[in-house]
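Worksheet for the structure shown next.
Chain naming here is simple, since letters A, B, ... match the order of the sequence lines and numbering starts at 1 in each.
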Amino acid sequence: MNFARSVHEVAPELIGATLLFNGSGGRIVEVEAYDQSDPASHAFRGRTPRNAVMFGPPGHAYVYRSYGIHWCLNLVCEEVGVASAVLVRALEPTHGLDEMRSRRGLDEERLLCSGPGRLCQALGITGTDNGLPLDRPPFALRDRPQPVDVDTDRRIGISRATELPWRYVEAGSRFLSRPASSSRRA
DNA sequence: CACAGGATATACT
DNA sequence: GTATATCCTGTGA
C-alpha cells in the first residue's frame with residue numbers, strides 16, 4: 001500500500017487488505033479518514049506531543065489512548081508535514097485466533113476485533129507501538145487481492161464534522177463495529 | 001438501551 | 001491549577 005497519497009484515496013483501498021501484528025490479525029473491514037482541515041481530527045489544532053506521528057512520514061502507526069482506557073490504531077498518510085491518518089475500526093479475524101481470544105478474554109469471533117479499542121486489545125497493540133513502520137515486523141500489511149464492495153457512512157463517536165461521509169466499510173460484513181446506516185456504495 | 005469507568009491531552013482562568 | 005472533552009466498551013436493565 002502506498003501511503004504517500006491523500007487519505008481519501010487510501011482509506012477505501014484499505015478495505016479488504018490484511019493487517020497483522022506479531023502474526024495475529026485479519027482483513028480490514030472498517031476504517032475512517034481524518035485529515036488536517038477536519039475539526040474531528042487530532043491534527044486540526046496543529047502539532048502536539050501526542051499527535052506528532054501524524055505529521056511525520058506516511059506508512060507509520062499512530063497509536064493513542066482513547067477514553068483513558070482503550071488504544072486506537074491509525075495509519076498515517078500523505079507526506080511529511082501534512083497530517084492525516086486512517087483510523088482502523090474493525091477486522092475480520094483470520095490469523096492468530098486463539099491468541100486474540102486469550103488477550104480479549106472471550107471466545108466469540110465476531111467480537112474479537114469489531115471496534116478500534118477491541119482490535120488493539122486483540123492484536124496486543126499499545127502506546128509503545130506508536131510510530132512504528134507498517135511494512136516490517138511486528139506489523140505486516142498485505143494489499144487486498146481483489147477489489148471489494150465498499151459502502152460509505154458518517155463517522156462514529158465524534159461531535160464535530162459529523163456530516164462527512166468518511167467512514168468506509170465492506171458491504172455486508174458481519175464484523176463491523178456497527179452496521180452502516182444511511183450508506184452509499186463508494 | 002442507558003451509563004459509568006477511566007486516563008490523557010489540551011483548553012481555559 | 002482546574003475544567004472539559006474524548007476517533008469506546010462491558011455491563012446491567
Residue pair A:L119/A:R160 against DNA chain C: nearer the 5' end by closest nucleotide is A:R160
By the 4.0 Å heavy-atom rule, please label A:L87 as base, sugar-phosphate, or nothing. base
Kindly state whether the pair A:Y67 / C:dT9 counts as stacked, where counting means centroids closer than 5.5 Å and planes tilted less than 30° apart. no
Verify same cluster id: A:M1, A:L87 (apolar side-chain graph, 4.5 Å): no
Is it true that A:S177 and A:E30 share a donor-acceptor pair across their side chains at a distance under 3.5 Å? yes
Which atom pair, heavy atoms only, marks the closest approach of A:H60 to A:G131? ND1-O, 3.0 Å
Gap between atoms OH and P, on A:Y62 and B:dT8 respectively (whole Å): 14 Å
Name the stems with DNA chain C in them: runs of three or more consecutive Watson-Crick or G-U pairs, distances under 3.5 Å? B:1-5 with C:8-12, B:7-12 with C:1-6
Could you tell me how far apart A:Y168 (OH) and C:dC7 (C1') are, to the nearest whole angstrom? 15 Å
A:Q121 and A:R103 side chains, donor-acceptor separation under 3.5 Å: no
Tell me whether A:I156 is reachable from A:V86 by hopping between hydrophobic residues (I, L, V, M, F, W, Y) whose side-chain heavy atoms are closer than 4.5 Å. no
Using atom CG of A:N51 as one end and atom P of B:dA11 as the other, report the distance to the nearest whole Å. 10 Å
From C:dC7, C:dC8, C:dT6, nucleotide with atom closest to A:H70 side chain: C:dC8
Identify whether any heavy atom of A:R167 sits under 4.0 Å from a base atom; if not, whether one sits that close to sugar-phosphate; answer base, sugar-phosphate or nothing. nothing
Quick one: A:D38 CG to C:dT6 P, roughly how many Å, whole number? 13 Å
Test: A:R5 and A:E13 ion pair at under 4.0 Å: yes
Round to a whole Å and report the spacing from CD of A:E108 to C1' of C:dT11. 15 Å
Between CD1 of A:I69 and P of C:dC7 the distance, given in whole Å, is 13 Å
Whole angstroms only, please: what is the CE-P distance between A:M54 and B:dA9? 16 Å
5'-most by nearest nucleotide on DNA chain C - A:R118 or A:G157: A:G157
Separation of atom CZ in A:R45 from atom P in B:dC12, rounded to whole Å: 8 Å
Donor-acceptor side-chain pairing of A:S114 and A:R110 below 3.5 angstrom: no
A:R89 side chain N/O closer than 4.0 Å to the phosphate oxygens (OP1, OP2) of C:dC8? yes
Among B:dG5, C:dG10, B:dA9, find the nucleotide with the atom closest to the side chain of A:R50. B:dA9
Quick one: is A:S159 getting a side-chain N or O under 4.0 Å of the C:dA5 phosphate, OP1 or OP2? no
Counting just side-chain N and O atoms, does A:R65 come under 4.0 Å of either OP1 or OP2 of B:dG6? no
Write down the atom of A:A161, the atom of A:R155, and the distance for their closest heavy-atom approach. O-NH2, 3.4 Å
Does a side-chain N or O of A:H42 approach OP1 or OP2 of C:dC7 to a distance below 4.0 Å, or not? yes
